[in-house]
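What follows is one structure encoded as structure tokens, with my remarks underneath.
Note that these values count all heavy atoms, side chains included, but never hydrogens, waters or copies made by symmetry. Position 1 is the first residue of the sequence, and the numbers go up from there. Keep in mind the model is a prediction, meaning the values are calculated, not measured.
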Amino acid sequence: QVQLVESGGGLVQAGGSLSLSCTASGRTVGPYAMAWFRQAPGKEREFVAAIRWFGGSTRYADFVKGRFIISRDNGKNTVYLQMGSLKPEDTAVYYCAADPGTAVGTTVRDYDYWGQGTQVTVSS
């Protein structure tokens, strides 16, 4: 089992920045793809960004390209999400996810492990 704990959410004004982090513990030996998803009230959980274990190749949802950056520190089993130029529509609970292996998926079903989520609220 892998446990994921997110931190860094909060309230920010539109145009501002916020950084999230997610630390994995437990059975973390081996390559893991890690990702961020988000879920706004009344909406389905959607993909935001993902990063491979090796090489650091990344994938982003179109609506965050150029504004968000995903990165990871394998030595710390931690993935980060730097969010900039935030918009009110970015308001959501942000979830960290992990999946054993090297593939970088973009759907909920691609990930086996999930954090409890952290709230991000962007005011207009």
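By the 4.5 Å heavy-atom criterion applied to side chains, Tyr80 and Asp73 are counted as neighbours. You'll find the side chain of Gln82 stays beyond 4.5 Å of the side chain of Ser17, heavy atoms only. With a 4.5 Å cut-off on side-chain heavy atoms, Cys22 and Tyr95 do not count as touching. Between Arg67 and Met83, every side-chain heavy-atom pair lies at or beyond the 4.5 Å cut-off. Put simply, the side chain of Asp99 does not reach to within 4.5 Å of the side chain of Asp110, judged on heavy atoms. Using a 4.5 Å heavy-atom threshold, the side chains of Phe47 and Arg59 count as touching. Looking at Cys96 and Trp114, their side chains never come closer than 4.5 Å, going by heavy atoms from C-beta outward.
Considering all non-hydrogen atoms of both residues, Tyr111 and Ala33 come closest at CE2-O, 3.9 Å. Listed here is the closest heavy atom pair of Thr78 and Ser21: CG2-CB, 4.3 Å. When all heavy atoms of Ala14 and Pro88 are compared, the pair lying nearest together is CB-CD, 4.1 Å. Taking all atoms of both residues into account, the shortest heavy-atom contact from Ile70 to Tyr60 is N-OH, 2.9 Å. Glu6 and Gly117 make their closest contact through OE1-N, 2.9 Å (heavy atoms, listed as atom of the first residue, atom of the second, distance). Heavy atoms only, all atoms of each residue included: Ala98 and Tyr32 are closest at CB-CD2, 4.2 Å.
We find that Asp62 and Lys65 are joined by a salt bridge, their nearest charged nitrogen and carboxylate oxygen being less than 4.0 Å apart.
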Exercise for the section: List the steps and the verdict of side-chain hydrogen bond (donor to acceptor under 3.5 Å, both in side chains) for Thr121 and Thr91. Expected result: CA-CA 5 Å; Thr121 303; Thr91 295; 5.2 Å; no
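Annotation: the span from Glu89 atom CD to Arg38 atom CZ amounts to 8.0 Å, rounded to 0.5 Å. For the atom pair Ser124 OG and Gln13 CD, the distance stands at 9.5 Å (nearest 0.5 Å). Note that the CD atom of Gln1 and the CG atom of Asp112 stand 9.5 Å from one another [nearest 0.5 Å].
No donor-acceptor pair under 3.5 Å is formed between the side chain of Gln39 and the backbone N or O of Ala92. Between the side chain of Arg72 and the backbone N or O of Ile51 there is at least one donor-acceptor pair closer than 3.5 Å. Checked by atom type and distance alone, the side chain of Arg45 never pairs as donor or acceptor with a backbone atom of Val108 at under 3.5 Å.
Both Trp36 and Val2 are assigned to one and the same hydrophobic cluster, defined by single-linkage of ILVMFWY side chains at heavy-atom distances under 4.5 Å. Hydrophobic cluster membership differs between Leu18 and Leu11, with clusters built from Ile, Leu, Val, Met, Phe, Trp and Tyr side chains linked at under 4.5 angstrom. Following chains of ILVMFWY side-chain contacts shorter than 4.5 Å, one can reach Leu81 starting from Trp53, so the two form part of one hydrophobic cluster. In this structure, Val64 is a member of the same hydrophobic cluster as Met34, with clusters built from ILVMFWY side-chain heavy atoms closer than 4.5 Å. Residues Val120 and Phe63 are members of one and the same hydrophobic cluster, defined by side-chain heavy-atom contacts under 4.5 angstrom among Ile, Leu, Val, Met, Phe, Trp and Tyr.
Note on ring orientation: taking the six-membered ring where Trp is involved, the planes of Tyr94 and Phe68 are tilted (angle from 30° to 60°).
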